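Here the structure comes first, spelled out in structure tokens, and everything after it is commentary.
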Amino acid sequence: MKKVIMGNHALSYGAMLSRAQVIAAYPITPQTQVVELLSEMCADGTLNAKFIKVESEHSAMAACLGASLAGARTFTATSAQGLALMHEMLHWAAGGRMPVVMGNINRAMAPGWSIWADQNDSLSERDTGWIQFYCASNQEVLDTVIQAYKVSEKLMIPSMIVLDAFTLSHTYEVVEIPDQSLVDQYLPPFNPPWRLTPDDPHAFGGLTSPDHYMELRYKLQKDMEKVPALVEETGKEYEKMFGRYLGQVEEYLCDDAEFIFVTSGTAGSTARVAVDELRQRGIKAGNLRIRLFRPFPFEKVRSILSRVPRVAVLDRNISYGHHGIFYQEVKSAMYGQPSQPLIFGFIAGLGGRDITRDSFREIADYALSRDRVEEEIVWIGVKK
Amino acid sequence: MKKVIMGNHALSYGAMLSRAQVIAAYPITPQTQVVELLSEMCADGTLNAKFIKVESEHSAMAACLGASLAGARTFTATSAQGLALMHEMLHWAAGGRMPVVMGNINRAMAPGWSIWADQNDSLSERDTGWIQFYCASNQEVLDTVIQAYKVSEKLMIPSMIVLDAFTLSHTYEVVEIPDQSLVDQYLPPFNPPWRLTPDDPHAFGGLTSPDHYMELRYKLQKDMEKVPALVEETGKEYEKMFGRYLGQVEEYLCDDAEFIFVTSGTAGSTARVAVDELRQRGIKAGNLRIRLFRPFPFEKVRSILSRVPRVAVLDRNISYGHHGIFYQEVKSAMYGQPSQPLIFGFIAGLGGRDITRDSFREIADYALSRDRVEEEIVWIGVKK
Amino acid sequence: MSKEKKMTTTITREEFMSPGHLACQGCGASLAMRLALKGLGQRTIVCIPACCWAVIDGPFPYSSLDVPIYHCAFETAASSASGVKAGLEILGDNETAVLAWAGDGGTYDIGLQALSGAAERNDDIIYACYDNEAYMNTGIQRSSATPFGAWTTTTPVKHYKKERKKDIIGIMAAHGIPYIATASVAYPEDMVKKFKKAREIRGTRFILIFAPCPAGWKSRPEDTIKLARLAVQTGYFPLIEIEKGEKWTLNLKLKERKPIAEYLKLQGRFRHLSEEEIAAIQQEVDERWAKTLQKCSL
Amino acid sequence: MSKEKKMTTTITREEFMSPGHLACQGCGASLAMRLALKGLGQRTIVCIPACCWAVIDGPFPYSSLDVPIYHCAFETAASSASGVKAGLEILGDNETAVLAWAGDGGTYDIGLQALSGAAERNDDIIYACYDNEAYMNTGIQRSSATPFGAWTTTTPVKHYKKERKKDIIGIMAAHGIPYIATASVAYPEDMVKKFKKAREIRGTRFILIFAPCPAGWKSRPEDTIKLARLAVQTGYFPLIEIEKGEKWTLNLKLKERKPIAEYLKLQGRFRHLSEEEIAAIQQEVDERWAKTLQKCSL
Amino acid sequence: MSRKKEARKIIFESEKEMPPVPMSLGSMLHNRTGAWRNIKPVIDLSKCIKCGICWKFCPDASIDIVDEWPQINYDYCKGCGLCAEECPQKCITMVEEEK
Amino acid sequence: MSRKKEARKIIFESEKEMPPVPMSLGSMLHNRTGAWRNIKPVIDLSKCIKCGICWKFCPDASIDIVDEWPQINYDYCKGCGLCAEECPQKCITMVEEEK
Amino acid sequence: MIEIRFHGRGGQGTVVASKILADALAKEGNYVQAYPEFGVERRGAPVYAFIRIDSKPIYDKSKIYHPDHVVVVDPTLVEAIDVTEGLKDGGYIIINSENSPEHFKFPDRYKVFTINATEIAVKHRLGTLAAPIVNTAIAGAVVKILNLTRLESLVEAIREGVPIKPEDNVKAAIEAYERA
Amino acid sequence: MIEIRFHGRGGQGTVVASKILADALAKEGNYVQAYPEFGVERRGAPVYAFIRIDSKPIYDKSKIYHPDHVVVVDPTLVEAIDVTEGLKDGGYIIINSENSPEHFKFPDRYKVFTINATEIAVKHRLGTLAAPIVNTAIAGAVVKILNLTRLESLVEAIREGVPIKPEDNVKAAIEAYERA
Ligand SMILES: Cc1ncc(C[n+]2csc(CCOP(=O)(O)OP(=O)(O)O)c2C)c(N)n1
Ligand SMILES: Cc1ncc(C[n+]2csc(CCOP(=O)(O)OP(=O)(O)O)c2C)c(N)n1
Ligand code: SF4
Ligand code: SF4
Ligand code: SF4
Ligand code: SF4
Ligand code: SF4
Ligand code: SF4
Ligand SMILES: [Mg+2]
Ligand SMILES: [Mg+2]
């Protein structure tokens with residue numbers, strides 16, 4: 001069934017189709033519609049789930065984790081300040097191997113208050129052990145929720161599905177809503193390898209001495225390293241059943257490209273239009289949209305970028321006192337590779353400043369007219 | 001005056017000598033002695049400060065921020081879960097340009113509960129806009145508190161002073177405690193360029209539209225970029241007055257080195273002993289201990305590492321789904337540099353596993369016996 | 001109404017809130033601030049967490065208040081205020097009042113712990129909660145101040161709010177702080193007087209303000225005062241003071257209470273309620289009223 | 001003491017806590033858990049946040065309890081328990097009891113908001129707080145449960161705790177939850193009975209357990225029961241129940257209350273108190289006792 | 001507090017003109033919320049008893065007392081109708097705005 | 001619940017033997033806290049009235065009731081002295097451990 | 001690709017109007033994208049909404065700076081703000097107003113239409129006189145004037161997407177369609 | 001560099017003993033490093049503490065695995081754990097015990113000393129009979145047996161660093177020094 005829905009509702013439908021069993025969430029602009037629709041679904045019986053209307057995001061995540069450890073499939077959604085308030089519990093979810101799936105609407109961190117798109121909220125959780133997917137369309141949002149459960153539950157690692165504030169969360173697009181029965185076939189019920197039950201009592205998360213801690217974290221990393229292949233595998237399976245492919249990255253005209261944008265989120269969608277424009281100008285441009293950011297898709301990024309002489313990484317975020325985060329990570333991934341493209345870093349769109357085709361034109365003009373990296377942060381759109 | 005004190009007390013003395021005016025803190029192992037001593041100092045009048053005994057770390061940081069905006073010099077200390085609970089407020093402090101100085105005792109994140117050394121807590125705050133100093137001795141801890149106030153208040157950016165759990169926090173060492181009068185000379189009273197006062201009423205932190213947000217964040221980054229030079233400058237001034245130099249990094253025998261350890265925290269101290277041992281074996285080793293991690297000391301790291309063919313980066317942390325964080329950032333900083341040393345990445349000491357001279361020997365043996373980077377994460381000390 | 005026919009003089013003419021602010025038409029919360037500041041005066045610092053007021057005040061680089069404001073994080077009204085106060089004190093300013101000004105969500109829910117902490121320490125702040133009974137700034141979600149029976153976007157009509165409103169006054173009373181009061185925008189003199197009084201007391205002071213929200217209650221903007229008045233007259237929201245954690249006073253005695261239905265029927269959020277449900281609400285109001293009288297030794 | 005001369009049978013012999021755990025000698029908290037589980041039985045899941053019990057239980061890969069445990073984050077005893085319960089329910093298990101087991105710090109302070117949230121939603125959990133009146137696991141810092149006059153490392157003798165103990169029972173009573181009780185390790189039958197009773201009730205149940213801590217109170221390990229008993233006998237810690245948010249019952253009536261000094265003098269944390277200070281404490285105990293009697297309609 | 005009186009729009013041409021923190025530099029008076037109004041309160045002063053009730057209740061501080069008489073500031077009045085509803089003399093009428 | 005009875009130390013030679021999460025796999029019975037004891041409770045059963053009070057109050061669950069008689073489990077008893085203090089018959093004496 | 005901007009006031013359902021339109025268009029196989037202004041405006045304050053329509057997938061996620069047409073849901077806005085900002089030459093301006101197009105003074109490069117959606121809404125008892133809910137009537141007029149889609153699709157979209165009084169809304173849309 | 005390990009029980013002041021020693025050694029210009037076992041042990045449970053002493057700055061921050069000497073503050077530990085673990089050949093084992101060194105069965109490669117610190121502590125009314133505070137007496141004995149520093153420095157360190165009954169502690173340390 002096709003429906004015109006907003007990005008937030010694509011999250012709700014994703015959770016519904018995945019048969020989330022426990023939802024605990026707290027409202028925050030621009031996430032509210034996610035939980036409002038889920039509340040309604042729970043109220044009218046469309047979704048058989050317990051909805052815990054907690055008093056803060058810290059409790060939202062805590063409740064999800066408790067339910068997850070009890071063996072339930074759990075969902076939540078938040079944004080910016082809410083995500084930040086969960087920070088401790090994000091570490092917890094990953095260290096405790098609790099496969100929660102969460103939507104996060106990318107919004108700028110206060111102060112001053114901003115409710116607009118900016119990746120600093122989710123990217124400043126890059127070290128918490130969560131799988132992170134960045135989406136570029138409402139269809140992708142819905143599909144990713146379902147895939148995320150599959151990946152997360154297989155490896156017992158939580159997933160965050162990230163969408164830009166307003167540009168995706170509040171934007172209505174046509175979305176194909178898959179059949180429940182097909183989804184059920186793709187995604188079996190959650191059946192974790194361990195759980196809280198008096199029938200087989202274990203204590204989870206007790207004091208872990210220096211004798212043991214490191215091995216447990218080693219295992220987490222080793223399982224994380226399995227994610228990219230699993231994303232490809234589950235993505236292909238999804239394609240077979242639903243006709244849409246979900247991979248680690250989205251390549252647009254990268255094959256013959258001589259200049260590649262590295263993008264994420266909705267900017268990675270607009271970038272396609274910019275690539276078309278550049279191609280019309282005779283420039284062999286391409287767009288590499290990073291969909292799976294954690295774990296970092298090393299192989300994909302390396303193999304694609306190794307083929308081009310020039311790369312422009314776009315960051316809607318910045319690690320203050322360092323660079324844009326995608327820029328930093330792409331450079332790190334490319335260090336020591338046989339091929340060493342010129343990699344330029346651009347910061348744009350902080351706090352909801354629009355990223356337009358003009359922004360990409362400016363980026364391309366900059367990158368194509370230089371033969372070395374003079375500045376490591378090129379600010380796009382700052383009134384100087 | 002020389003005293004044998006623990007690392008935690010070095011933080012307390014630092015705060016006392018800096019004449020912190022408002023302290024708000026919450027206990028957590030292994031930070032408790034910091035606040036216990038400060039409580040006593042406040043109780044017996046050694047320190048004229050208001051001590052707010054808050055009910056959580058989130059409130060601790062919130063109270064510090066309120067006091068800072070009112071114009072007071074503020075201090076707090078925490079660790080691991082406590083730091084994580086402050087996450088939202090860390091973004092707040094930086095975005096609000098509130099120059100709080102905080103001690104963080106590096107401790108592993110739960111679950112399982114661990115109280116032992118591990119850098120994941122502070123490093124997963126690398127994107128929050130705080131200046132971060134990693135210390136290797138109690139003397140450095142004390143000195144850094146004083147310097148941090150100087151740097152932070154000049155630029156209105158908060159500072160975090162990081163010390164390893166137990167290996168530094170609970171270790172007693174001889175520390176020279178400088179004269180109050182000299183410290184007063186070095187560090188004038190806090191006199192912020194704006195503050196909360198009815199005499200000149202402003203609203204701070206109001207809604208900031210996409211028209212303005214990005215410029216404010218641009219300014220923050222631009223000020224961050226001033227930190228390295230300011231650290232050098234204030235460090236030299238400190239040296240003149242107190243005889244001890246505090247820079248961005250500590251180089252040990254790097255000048256003629258052919259192999260360099262990149263380290264931080266107490267491992268960076270033990271590394272010196274390992275370097276001596278290697279030198280005895282005829283290997284020209286050196287140690288580059290990163291003291292200032294945020295902003296990243298690009299120039300220093302580049303100029304030093306550009307001189308050597310081989311580098312081993314030690315991480316007592318890991319960004320799950322990526323690499324060790326120092327490794328990642330060093331590689332990113334070295335990308336595109338004229339000289340491209342072989343850079344190996346090692347993870348050791350998670351959750352308090354000891355990092356010994358043997359660890360460094362193992363690292364050196366590994367790195368010196370290879371001519372290319374085969375694995376990007378070499379685990380030291382994991383029982384496989 | 002009858003008493004108010006002459007221009008009262010207890011309320012200062014001075015305005016500390018300028019027009020041009022961003023509240024909806026007929027917003028009770030904006031009137032509440034206007035009145036509160038008339039009670040406190042200009043030497044007041046206001047800590048405002050996330051809530052409608054974070055928007056009402058106006059965006060950077062503007063503000064509609066003539067007092068300094070710290071727009072603080074959602075959970076931190078109380079802890080921010082404690083910090084500001086400590087900062088002022090150590091710098092020698094013992095005169096400026098520090099007001100934490102939060103919505104019900106920021107008070108009953110996400111900010112409760114910080115508030116409880118400040119109250120336990122008896123920090124020298126005035127904490128005012130303007131209660132519009134839901135998370136309005138984010139578009140009308142239930143809070144623990146939302147009354148039984150109400151519709152919100154997270155308590156849809158098919159599953160309206162089943163839990164009763166959290167008794168924040170009871171909770172704060174248990175903290176034994178020096179001053180607690182309820183106030184209503186329908187009773188400006190009473191409200192201004194309470195803020196004035198609070199300013200003269202030291203320690204943690206808590207004032208709960210009933211502030212109707214036409215947007216969230218689905219009521220007519222012009223009914224804001226009427227609703228606030230009915231809330232008092234029905235006994236749904238009694239005007240009281242608790243001094244020194246002990247002495248309860250009922251500020252407005254009612255000979256006869258109006259039926260709660262009169263209050264409910266003006267609001268779209270209660271439209272779905274059946275007669276029986278309204279009767280149940282009436283009963284709860286009666287019970288709470290009886291308890292209030294008892295506590296006030298009446 | 002006199003009543004207990006025959007082996008009582010109300011307490012099950014079955015042990016759900018094994019020896020070998022890591023509590024200090026004479027730890028009241030460890031005895032509290034032993035007794036609580038005797039009341040609840042094996043089909044119980046325990047959520048333990050950071051507190052002494054997170055250590056007492058033993059390190060990975062061990063545990064000293066025969067029931068499943070979720071060692072959860074410090075602030076999350078209640079919210080974790082709510083989550084566990086929701087998970088069980090949606091999976092069809094309506095029988096297993098979910099117990100949140102937290103210290104006073106995790107209850108009165110950092111976990112208060114989550115607890116209040118669960119209580120407001122009336123989530124079906126049993127929340128037990130073992131109160132040792134300070135943050136013990138981190139080495140004796142003041143909590144808001146620390147009584148007036150006590151030394152802790154953050155309330156040094158020169159500046160001992162000046163604030164009174166937070167009235168958590170009053171706060172929880174204001175939430176109107178179906179069952180609230182106090183219990184003491186000195187009265188095992190009473191305590192076990194209360195846990196049994198709580199298990200049979202649905203909704204949020206709150207039990208506050210007085211659990212002396214020799215390490216933190218600077219008392220002799222062998223005095224743990226004596227202290228707990230004196231706390232009851234002096235009226236400092238009355239044994240009560242509050243049912244349906246309404247009905248207060250005093251479980252142990254006292255003809256004569258012992259002087260509080262008897263209780264205080266056994267503890268190093270009160271050593272510095274002067275006669276006057278002790279008298280002031282006595283007065284506060286008397287006042288609180290009178291109020292308790294009043295609430296119990298006695 | 002002069003900013004109280006000013007109804008000035010503040011426009012930053014460059015980041016250099018901006019303070020490093022989002023702090024207010026002017027009042028909201030530039031925001032003439034009178035434009036929000038659908039219906040407009042009109043006072044019939046002949047019936048007015050100068051009780052000040054309308055002034056007291058205006059959530060937008062858009063009624064001034066001028067020489068003891070109430071006067072609506074149409075630059076800001078949002079037309080909520082509260083004053084009309086509460087006026088004990090019923091001397092305020094809400095009339096439709098011309099469109 | 002067999003793990004209840006076992007006093008087994010669990011040693012992992014390799015990460016492969018470990019579960020992916022820190023979950024308990026055995027009881028604390030391997031931890032013979034009797035070694036913590038400085039003073040040792042000794043029951044004079046001749047005076048004992050089998051009231052079970054010592055059993056009830058032992059925070060270390062180190063008193064068993066064997067055939068209705070109390071019996072101290074010295075493998076675990078930490079020597080806190082509570083049982084001695086609370087025994088109504090005063091039939092438990094704390095004696096110094098041999099050192 | 002057609003890009004349209006809607007002007008209204010907070011609380012008037014401006015976003016809903018654009019959303020209904022998007023629904024209707026999608027029914028005929030168009031690709032559509034609709035989004036509100038990204039703001040925090042309260043009831044009564046001026047707000048915007050946007051819609052993009054194309055026969056190909058729409059990848060551009062940036063804002064619309066140069067709409068092809070604008071729709072003004074609340075006529076008072078014509079005075080309050082510049083509703084023609086960025087409007088392309090030849091663009092249509094569709095205004096909810098009782099007045100005739102000539103009443104409004106716009107440059108000649110734009111084409112002005114009016115529709116008394118308020119009257120239609122009131123007639124079909126949508127909302128109140130003080131706060132009529134005009135979005136379906138507006139949608140009806142826009143569909144007709146811009147010749148975007150079939151009336152049937154709009155009707156279907158309203159039936160599916162408007163939970164309260166769907167039939168009255170359908171009638172209002174049809175009436176507006178016919179009168180426009 | 002000399003590395004010493006202390007064995008005691010939680011609550012006995014084992015860490016304090018090593019700290020006092022460090023203080024005393026620092027007074028004579030030594031570089032010292034003292035640290036507790038990094039654990040969560042409760043009162044009564046076995047604990048450790050360590051001290052490093054050198055004439056040069058000490059950079060090694062790793063744990064001590066092969067101490068030169070061990071000090072046993074609580075004699076019951078000799079049974080409970082292996083106090084000689086990692087102890088270097090020729091190392092001294094100093095035990096707080098009323099027994100003579102011969103009472104303890106250790107390999108010949110170690111040298112055993114005993115000092116009745118408990119008795120000394122009790123005599124000087126430090127702590128109680130059930131829980132005597134023996135750390136200063138232990139420190140006195142260790143200083144003497146290992147010939148680490150002058151007694152005067154230890155006395156000074158105790159005066160400065162022990163807040164409760166400093167003079168009684170000084171006396172205990174001196175007596176232990178003399179008896180050791
Ligand atoms: C940590 C965090 N979570 C959520 C939000 C989103 N948020 C902002 S205001 C608000 C509702 C406030 O409700 P209330 O306190 O009742 O004030 P009102 O909006 O009703 O005036 C919410 C949920 C936030 N800013 N921060
Ligand atoms: C967020 C966070 N802050 C601080 C801590 C440190 N911490 C662990 S236990 C504890 C004290 C607990 O006190 P209480 O709840 O009274 O239990 P008790 O230790 O007294 O048994 C503290 C402060 C933590 N684990 N997490
Ligand atoms: S939503 Fe309610 S509280 Fe918020 S501004 Fe509008 S009327 Fe006022
Ligand atoms: S510190 Fe107190 S509560 Fe904690 S284990 Fe020891 S005696 Fe028990
Ligand atoms: S209509 Fe409302 S805003 Fe206008 S003057 Fe009256 S009360 Fe004030
Ligand atoms: S309320 Fe009516 S009578 Fe009173 S001052 Fe205003 S207009 Fe005049
Ligand atoms: S001395 Fe303490 S631990 Fe030992 S049996 Fe008696 S009560 Fe139990
Ligand atoms: S308490 Fe004393 S009398 Fe009672 S069973 Fe124990 S030893 Fe026997
Ligand atoms: Mg509200
Ligand atoms: Mg406690």
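Values below: every heavy atom of this structure, side chains too, minus hydrogens, waters and symmetry copies. Below, chain A is the first sequence line, B the second, and so on; all start at residue 1. Model, not experiment: these values are computed from the prediction.
Taking all atoms of both residues into account, the shortest heavy-atom contact from F/Phe57 to D/Pro188 is CE2-CG, 3.4 Å. Of all the heavy atoms in D/Gly20 and F/Asn31, the pair that sits closest is O-ND2, 2.8 Å. Taking all atoms of both residues into account, the shortest heavy-atom contact from D/Ser18 to F/Ser27 is OG-CB, 4.3 Å.
Two residues are said to be in side-chain contact when any heavy atoms from C-beta on lie closer than 4.5 Å; F/Met28 and D/Pro59 meet this criterion. Contact check for D/Pro61 versus F/Phe12: side-chain heavy atoms found under the 4.5 Å cut-off.
Salt-bridge annotation for F/Glu86 and D/Lys226: absent, with no side-chain N of the basic residue lying under 4.0 Å from a carboxylate O of the acidic one. Under the 4.0 Å criterion applied to side-chain N and carboxylate O atoms, D/Arg13 and F/Glu68 are assigned as salt-bridge partners.
In this structure, SG in D/Cys24 is found 7.0 Å from CH2 in F/Trp36, a value given to the nearest 0.5 Å. If you take CZ on D/Arg220 and CG on F/Leu82, they are separated by 10.5 Å, rounding to the nearest 0.5 Å. With values rounded to the nearest 0.5 angstrom, F/Cys83 atom SG is found 11.0 Å from D/Ile225 atom CD1.
The main-chain N or O of F/Ala61 is never found under 3.5 Å from a side-chain atom of D/His21 such that the two would form a donor-acceptor pair. Within the 3.5 Å criterion, the main-chain N or O of F/Lys78 finds a donor-acceptor partner in the side chain of D/Gln25.
Within the 4.5 angstrom heavy-atom criterion, no atom of F/Met94 approaches chain D. Only the side chain of D/Leu35 comes within contact range of chain F, judged by heavy atoms closer than 4.5 Å.
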Exercise for review: Check the pair F/Arg8, D/Tyr62 against side-chain contact (heavy atoms from CB on, under 4.5 Å), reporting the backbone distance first and the verdict last.
Suggested key: CA-CA 10 Å; F/Arg8 185 172 59 92; D/Tyr62 306 107; over 6 Å; no

Practice item. Could you check F/Lys56 against D/Leu31 for side-chain contact (heavy atoms from CB on, under 4.5 Å), going step by step and ending with a plain yes or no? Key: CA-CA 9 Å; F/Lys56 251 181 347 199; D/Leu31 177 55; over 6 Å; no

Exercise for review: Apply the test side-chain contact (heavy atoms from CB on, under 4.5 Å) to residues F/Val21 and D/Phe60: give CA-CA distance (whole Å), side-chain angles for both, the deciding distance (0.1 Å), then the verdict.
Suggested key: CA-CA 10 Å; F/Val21 287; D/Phe60 166 71; over 6 Å; no

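Contacts with chain D were tallied for F/Gly81, F/Cys80, F/Pro22; F/Cys80 has the most, counting heavy-atom pairs under 4.5 Å. Contacts with chain D were tallied for F/Ile10, F/Asp75, F/Thr33; F/Ile10 has the most, counting heavy-atom pairs under 4.5 Å. When each of F/Cys77, F/Gly34, F/Pro19, F/Cys58 is scored by its heavy-atom pairs under 4.5 Å with chain D, the top score falls to F/Cys58. The residue among D/Gly28, D/Ser30, D/Ala32 with the most heavy atom pairs within less than 4.5 Å of chain F is D/Ser30.
Within a 6.0 Å sphere centred on NZ of F/Lys90, heavy atoms belonging to other residues, nucleotides or ligands number more than 12.
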